[in-house]
Protein chains: 4
Amino acid sequence: MMREGAERPLRADAARNRSSLLAAAAREFAERGPDASVADIARRAGIGKGTVFRHFPTKEDLLAAVVLDRIEDLAALAARLANADDAGAALLEFMDEAAGRQQQLDLSFLRESGEVNERLAGARERLFAAIIALVERAQAAGAVRGDISGMDVILLMCAPNHVVSFVPDAPPDLWRRYLGIIFDGLRPEGARPLPHPAP
Amino acid sequence: MMREGAERPLRADAARNRSSLLAAAAREFAERGPDASVADIARRAGIGKGTVFRHFPTKEDLLAAVVLDRIEDLAALAARLANADDAGAALLEFMDEAAGRQQQLDLSFLRESGEVNERLAGARERLFAAIIALVERAQAAGAVRGDISGMDVILLMCAPNHVVSFVPDAPPDLWRRYLGIIFDGLRPEGARPLPHPAP
Amino acid sequence: MMREGAERPLRADAARNRSSLLAAAAREFAERGPDASVADIARRAGIGKGTVFRHFPTKEDLLAAVVLDRIEDLAALAARLANADDAGAALLEFMDEAAGRQQQLDLSFLRESGEVNERLAGARERLFAAIIALVERAQAAGAVRGDISGMDVILLMCAPNHVVSFVPDAPPDLWRRYLGIIFDGLRPEGARPLPHPAP
Amino acid sequence: MMREGAERPLRADAARNRSSLLAAAAREFAERGPDASVADIARRAGIGKGTVFRHFPTKEDLLAAVVLDRIEDLAALAARLANADDAGAALLEFMDEAAGRQQQLDLSFLRESGEVNERLAGARERLFAAIIALVERAQAAGAVRGDISGMDVILLMCAPNHVVSFVPDAPPDLWRRYLGIIFDGLRPEGARPLPHPAP
DNA sequence: GATGAATGAGTATTCATTCAT
DNA sequence: GATGAATGAATACTCATTCAT
């Protein structure tokens, strides 16, 4: 009998399957968007379709798990940068890494995650808190304008990838150009009052 | 006898259907993306499924028509702003209107239009030319940094809407906040050299 | 007020439409089989789709009308040959002409006609009677075996076309070869008793 | 580990489904022609529509499989008869069996098979060769006229079924009558020179 | 009467999800 | 636990037939 809520440790093969499944799903979702087919993911992971559903009751849950990975990754990154000497550079580096890793994967999780998955909600909170801290330090250092919030950074973080996705044969780091522009928009120099309060 | 190439005017009912179809398609594509189903669009337009295909032989053609509408709209807008007194304000107004009208509709047409539809390709060229002109005038007026191109503006134009689409119950003009930030990033003040050339 | 059952004479344009419709339908059905589309037939006839349905309430009725034409044609032919000097040659000529005119059009009317259309049923009866007469004269002349019926001839009449329809790029009169073989099967020489009575 | 090219044996349920699917498809195609609907076939087989497509990626592939079955069947039959004592009787028996098994299924495969399916093309070649051999032996034995080819037999083989298909409530072996007539046409007695060379 | 626009039932095919092996 | 077979709802698209102009 299992303790209430305890997660039984996976058998070795199950663990292996789960991680190649997640890796395959991450790649497929990045390449094909959320319409990637479960069959393709399973094939890419080298496992059967049924196994996918043993690990995740729903395709949406699988997507949530991939997203959770990303979020925990980013939260760790933000934590690592929390005490950097140059707070402005730290924020820029965070956004740079975030855009670089996020690749095509969008932010849908910001919308849906809360309902779907408790653990995801927790990770999201940690990430948000860490980003807010980065932003506040950068503001204190005068590197970033005072009227923006952590949420603004979160939202703008993936814009470079999205923007670039419309360029037919975009060079792989074109997104850096748009991150540059957007980050310049976050600087205090030349900042005009914003027409709408932060969400 | 019809003039060469002239399109016979639609019958009254056909014209009504066509326009409610286009309106419904615009809304559905905006809300659901290009995977919106023809059946839903037809239902929303209050017409039969078959009627959709009488007007547009293919779902893709329907999407192209919606996009064509948007593009011609924007091209007209850009043309109207071409000689405004304040070139910087003109560019900002263009992006503001563009974001406001575009709503969720994305830029996929930048990718696919050329192949699908000659008329669309033409409209796109006109729009691009007009935007480039707006940008160059704004640069000449010193309102916009010198290292950005018309293409940058085109790509960034829809970012505010995209960004906002991840906020659950976003107020309807929240996008203005992000347009403000991005436009500040296009100003000369505080501009850092961009890490990648324009596409 | 019209007399009971009288068919009012068609207006000149209606008559013209009707006949080009029948001609177009005959060609389309011959080329594409009974799945030829009403739209194609209308286009080929140079009339509107609606007009097709004004003349024939149903696609099936249109097919029946085409078939009726053929049947009346064949009945006239059979009548013309009824008194030929060489009764055997007359039967062969009938089958030859029948196959030549029938082209791809099959015998479905034998199955369905009765229910659909009274006039067609009448024409069919006349045709059958005439064929039976041809056969009986040929038998009396010793040119055709005694154990076959008019119905046999009717059924076998279109076999050559059908058989040839499976040859990819068949020369246009290849069917004559198979008519030759089948007709030889109808001759008294070498005839073996048939394993099943005529229908 | 599987041998190269070996087809893994189907699971028990899959094999059952596959064979009821093939049986249902054979009947439906025979009754309704190649336009029989996949949904009807599935219903008749007592399986889901999706299962049809798991077994055959395309309706056309399903048809090809049905046809392949028939062809291999016939090829085996022809091979079995290759050394019969009475060569004329052997040919007749072959045509009799062929017509009996073929039921309504037509010869479309003669046209399309080559493109679709390599295995089918091979089976067809074997069948053709075997039939040609039967014909030549029958000719050598003086049972069949000299001016006909194997292709003639192939083409005429299904004519009896086709012919009978126009008789409303035909007794189930009426086709034998027409095979009798046609086969008498293939005999040397009473043979007239044929008006067109064999295809 | 003629036209062609509108309709919706019907078609092949895909795919997330369930379940027997 | 893992597998892949089975399922059926959903999708884009066609076409005979009806109906407003």
Side-chain angles (χ1 to χ4, degrees), chain A residues 10-15 17-18 35-43 46-62, chain B residues 8 10-18 21 35-42 45-62, chain C residues 10-14 17 35-43 46-62, chain D residues 8 10-18 21 35-42 45-62:
Chain A
L10 290 171
R11 251 169 49 179
D13 54 347
N17 278 347
R18 187 176 210 278
D35 292 342
S37 93
V38 173
D40 285 348
I41 292 172
R43 187 162 330 89
I47 66 180
K49 237 184 341 176
T51 310
V52 175
F53 287 94
R54 166 166 294 277
H55 286 282
F56 301 97
T58 272
K59 184 183 165 181
E60 196 173 322
D61 291 317
L62 173 56
Chain B
R8 117 184 45 199
L10 287 173
R11 242 170 56 182
D13 55 348
R16 211 170 336 134
N17 280 343
R18 193 190 149 97
L21 168 54
D35 292 341
S37 96
V38 173
D40 285 347
I41 292 173
I47 66 180
K49 240 181 336 175
T51 308
V52 176
F53 289 98
R54 156 166 283 277
H55 285 279
F56 301 96
T58 276
K59 180 183 162 180
E60 194 173 322
D61 290 318
L62 173 58
Chain C
L10 289 172
R11 250 169 50 179
D13 54 348
N17 279 347
D35 292 342
S37 91
V38 173
D40 284 349
I41 292 172
R43 188 161 25 268
I47 66 179
K49 237 181 344 171
T51 308
V52 176
F53 287 94
R54 166 165 295 275
H55 286 282
F56 301 97
T58 272
K59 182 183 165 179
E60 197 172 320
D61 291 317
L62 172 57
Chain D
R8 115 185 44 197
L10 287 173
R11 242 169 55 179
D13 54 350
R16 211 171 334 127
N17 280 342
R18 191 190 150 97
L21 169 54
D35 292 341
S37 95
V38 173
D40 285 347
I41 293 172
I47 65 180
K49 241 180 335 175
T51 308
V52 176
F53 289 96
R54 157 165 284 276
H55 286 279
F56 301 96
T58 277
K59 181 183 161 180
E60 195 173 322
D61 291 317
L62 172 57

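This structure is a prediction, so every number in the text was calculated from the model and none was measured. Chain A is the first sequence line, chain B the second, and so forth, proteins listed ahead of strands; every chain is numbered from 1.
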Closest non-hydrogen contact found for C:K49 with C:V38 is CG-CG1, 4.1 Å
Least distance between heavy atoms, B:V52 atom then B:A42 atom: CG2-CB, 3.7 Å
Measure the distance from [atom1] on [X] to [atom2] on [N] and round it to the nearest whole Å.
| X | N | atom1 | atom2 | answer |
| --- | --- | --- | --- | --- |
| A:R18 | F:dG1 | CZ | P | 12 Å |
| A:R54 | E:dT17 | CZ | C1' | 14 Å |
| D:R16 | F:dA6 | CZ | C1' | 12 Å |
| C:D61 | F:dA16 | CG | C1' | 13 Å |
| D:L21 | E:dA12 | CG | P | 13 Å |
| D:D13 | F:dT7 | CG | C1' | 13 Å |
| B:D35 | F:dA12 | CG | P | 8 Å |
| D:L62 | E:dT11 | CG | C1' | 15 Å |

Taking the nucleotide of DNA chain F with the nearest heavy atom to each, does B:D40 or B:P57 sit closer to the 5' end? B:D40
Nearest-nucleotide wise, let me know which of C:G50 and D:V52 is further upstream toward the 5' end of DNA chain F. D:V52
Where each residue is assigned the nucleotide of DNA chain E containing its nearest heavy atom, which of A:F53 and D:K49 is assigned the position nearer the 5′ end? D:K49
Which comes earlier along DNA chain E counting from the 5' end, the contact point of D:A36 or that of C:I47, where each point is its nearest nucleotide? C:I47
Paired with F:dA20: which nucleotide, if any, by Watson-Crick or G-U wobble criteria at under 3.5 Å for both distances? E:dT3
What do the steps show when you test C:F53 against C:L62 for side chain to side chain contact (heavy atoms under 4.5 Å, CB included), and what is the final call? CA-CA 9 Å; C:F53 287 94; C:L62 172 57; over 6 Å; no
Looking for any heavy atom pair under 4.0 Å, which part of the strands does D:K59 touch: base, sugar-phosphate only, or nothing? sugar-phosphate
Between D:T58 and D:D61, is there a donor-acceptor pair closer than 3.5 Å when you use the side chain of the first and the backbone of the second? no
Taking only the side-chain heavy atoms of A:T58 (C-beta and beyond), determine which of F:dA2, F:dT21, E:dT17 contains the nearest atom. E:dT17
With the side chain of D:T51 defined as its heavy atoms from C-beta on, choose the nearest nucleotide among F:dA16, E:dA2, F:dT7. F:dT7
Derivation of the salt bridge (Lys or Arg N to Asp or Glu O under 4.0 Å) call for B:R16 and B:D13: CA-CA 5 Å; B:R16 211 170 336 134; B:D13 55 348; 5.5 Å; no
If the cut-off is 4.0 Å, is A:H55 near the phosphate of F:dG1, judged by side-chain N/O to OP1 or OP2? no
Phosphate-side-chain proximity, B:N17 and E:dA6, N/O vs OP1/OP2 below 4.0 Å: yes
